[in-house]
Amino acid sequence: MLSYQTFIWCIAFVLTSSFTPNCVRDNQFKFYTFPIDGCSKFFSEKCRSQPSGRFQALGTPSMVKIGETDVIPTCAFHRVRGLKYIFGVNSGIKVLATGAFTDLSQMESVNLAFNSIVELRKEVFTNVSVLSMDFSWNRIVFVDSKAFASVHGLKQLNLSKNSLVTLPVGFFPRTLAHLNVSYNLLTRIAFNSKSFSNITHLDFGNNLIERIALLFSYPVELVNLENNQLRNFDYIDLISVELLKIGRNRLEQVPQYLENLNANFIDIAENPWQCDQLHLLFGQLTSLGTRLVHKNTSTADCFSIKGKMTLLQPRSTACTEDYDCPGYMSCRARKCWEPCEHSMCHKTSNCETKNHKFTCRCPGKLLSDPMDVSGECQEVECFVNKQCGPNMICNNRKCTKHFSFETIIKLSNKDADHSLSESDLDIEPELPWWYDTIPKKEPSVPVPSAGSATEQ
């Protein structure tokens, strides 16, 4: 009979121990089978096929190729001695069952690209040591925060070309060096290097990112943010980066926190920069010792128009696409046209061309109502909240202070004839969305430097 202390110890062990699937040989393939080819480095066992996935019939393979299957079942890869490579590219895989990869200690890579996997659940990988994992070209929409909790030694993770809208980057293995999540549907990223110690390459390119907050306290080689929806930086502090790519975004003005970008090279190509802001940007980058990576881009027109320098070859009026024309022209019917000559801007606004498209801008301090399709410019303080400053809202076309919920309750309880004191209008600063990830900095709104970006 067990002693009381032994009983308590057993209960505690069960409660604290990690998930371990029941992988005894009798039930390992009770519900699912899947075809594999097991390949060994030894000539005598070179490659053998097994339609039921029973590794005992294959000897000790160092590589396994997965055949056509919908499901990788529980215990599919369990304590396969000497196994280093799992190759399941274009195998039709849809589901990775819980505990499918268990107790694998010598893995170098798991490649499951070009499949139909929709999610990466927790405990799919249990006590797995592997250097590289590739899940690109799937249909992944969800990655559980504990999906890689039992993965050890991971250096490279490829989740590109999926349908991710969120990403638990703070829960990835600390050993990670290369992270590729390009070509997804991400709209915001907050990344703090305190959760990692080996990251050198970050690829967030070709997403829908509008908000970005990055903090790196050690040097990295690549941060790719190109082809997103960035208009500014929410917060960026890079102690050292070899190449920063921010091309093909919506940057018009010098972004804030530029002084925190210690980049050796920067690619700014094909953003709709305002010419005066571009000159200011070049000056600041020069003072920071950052070198530009030049590409054919409409930003060069800022210089060629003013006759200061020409970065593009002269173009003829014949064209097949917009980029055959200067940035202030568009390609229509195989000819370069100036959009502003045929624009639909209201007579009170000015037409400007950037990156082959026209924009209607109100002169001076005049503003247009975003809900008014005519685009008429009017002399008002605001139409929408974003036309006001920080902690301000637009009320009856005037910018007023944004009251906290507590202040509103206080105001509702006051007598209508009682005047408000200044303390009633005190506003506590709202924490930025990235503060939980990067709490190092104070959540106050930064004072923009000369040329800093502000939303139009």
Side-chain angles (χ1 to χ4, degrees), residues 187-188 190 208-213 225 228-236 246 249-258 271-281 284 302 339-340 343-355 357-408 411 420 422 424-435 442-456:
T187 57
R188 61 170 60 183
L208 303 173
I209 300 174
E210 299 176 343
R211 315 294 299 272
I212 188 75
L225 299 173
N228 280 287
Q229 306 293 319
L230 292 172
R231 297 180 183 271
N232 206 339
F233 301 145
D234 288 81
Y235 181 76
I236 282 191
I246 56 173
N249 277 277
R250 297 186 177 184
L251 296 166
E252 297 183 8
Q253 300 183 339
V254 177
Q256 61 185 2
Y257 299 109
L258 187 66
N271 277 293
W273 300 103
Q274 297 179 17
C275 287
D276 60 333
Q277 293 293 305
L278 191 61
H279 282 281
L280 183 60
L281 175 64
Q284 294 191 27
C302 292
C340 280
S343 74
M344 299 179 65
C345 291
H346 194 271
K347 62 182 180 180
T348 58
S349 66
N350 298 327
C351 179
E352 299 178 1
T353 52
K354 299 285 183 184
N355 201 24
K357 297 180 180 180
F358 75 90
T359 303
C360 303
R361 297 189 183 279
C362 292
K365 295 184 178 180
L366 300 183
L367 297 173
S368 62
D369 187 349
M371 302 302 294
D372 183 1
V373 294
S374 72
E376 180 183 3
C377 299
Q378 302 181 41
E379 191 173 354
V380 297
E381 287 188 13
C382 62
F383 287 102
V384 292
N385 291 343
K386 70 177 183 179
Q387 293 172 335
C388 299
N391 295 322
M392 304 284 283
I393 61 172
C394 187
N395 184 20
N396 293 326
R397 300 190 178 184
K398 290 182 179 290
C399 292
T400 59
K401 285 188 176 182
H402 174 61
F403 298 142
S404 64
F405 178 78
E406 291 78 7
T407 302
I408 295 175
L411 295 179
L420 298 176
E422 291 188 7
D424 292 329
L425 301 178
D426 285 344
I427 302 172
E428 295 185 2
E430 182 181 356
L431 293 176
W433 62 273
W434 45 266
Y435 192 65
E442 293 298 325
S444 58
V445 178
V447 178
S449 57
S452 294
T454 55
E455 291 187 355
Q456 296 293 322

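Atoms CE and OG1, on M392 and T400 in that order, are 6.5 Å from each other to the nearest 0.5 Å. Taken to the nearest 0.5 Å, the CG atom of L251 stands 11.0 Å off from the CD atom of Q229. Separation of atoms CD (E381) and CG (N396) is listed at 11.0 Å; rounding is to 0.5 Å. With rounding to the nearest 0.5 angstrom, the SG atom of C394 is 6.5 Å from the CD atom of Q387. To the nearest 0.5 Å, the span separating CG on N228 from CD on E210 amounts to 9.5 Å. Atom CD in Q284 sits 7.0 Å away from atom CG in L281 (nearest 0.5 Å).
Residues I212 and L230 come closest through the heavy atom pair CG2-CD2, 3.7 Å. When all heavy atoms of I246 and N249 are compared, the pair lying nearest together is O-ND2, 3.0 Å. The shortest non-hydrogen separation linking V254 to L258 is CG1-CD2, 3.9 Å. Y257 and D234 get closest at one heavy-atom pair: CE1-O, 3.1 Å.
The side-chain heavy atoms of L366 and T348, taken from C-beta on, include no pair separated by under 4.5 Å. For the pair N232/P255, a side-chain contact is recorded, criterion being any heavy-atom separation below 4.5 Å from C-beta on. Proximity of E252 to W273: side-chain heavy atoms (C-beta onward) are nowhere separated by under 4.5 Å.
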Could you walk me through whether C382 and C388 satisfy the disulfide (SG to SG under 2.5 Å) test, starting with their C-alpha distance in whole Å, then the side-chain angles of each, then the deciding distance to 0.1 Å, before giving a yes or no? CA-CA 7 Å; C382 62; C388 299; 3.7 Å; no
Let's go through C362 and C377 carefully: what are the C-alpha distance in whole Å and the side-chain angles of both, what is the deciding distance for disulfide (SG to SG under 2.5 Å) to 0.1 Å, and is it a yes or a no? CA-CA 6 Å; C362 292; C377 299; 2.1 Å; yes
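Q256 places a side-chain N or O within donor-acceptor distance of the main-chain N or O of F233, the cut-off being under 3.5 Å.
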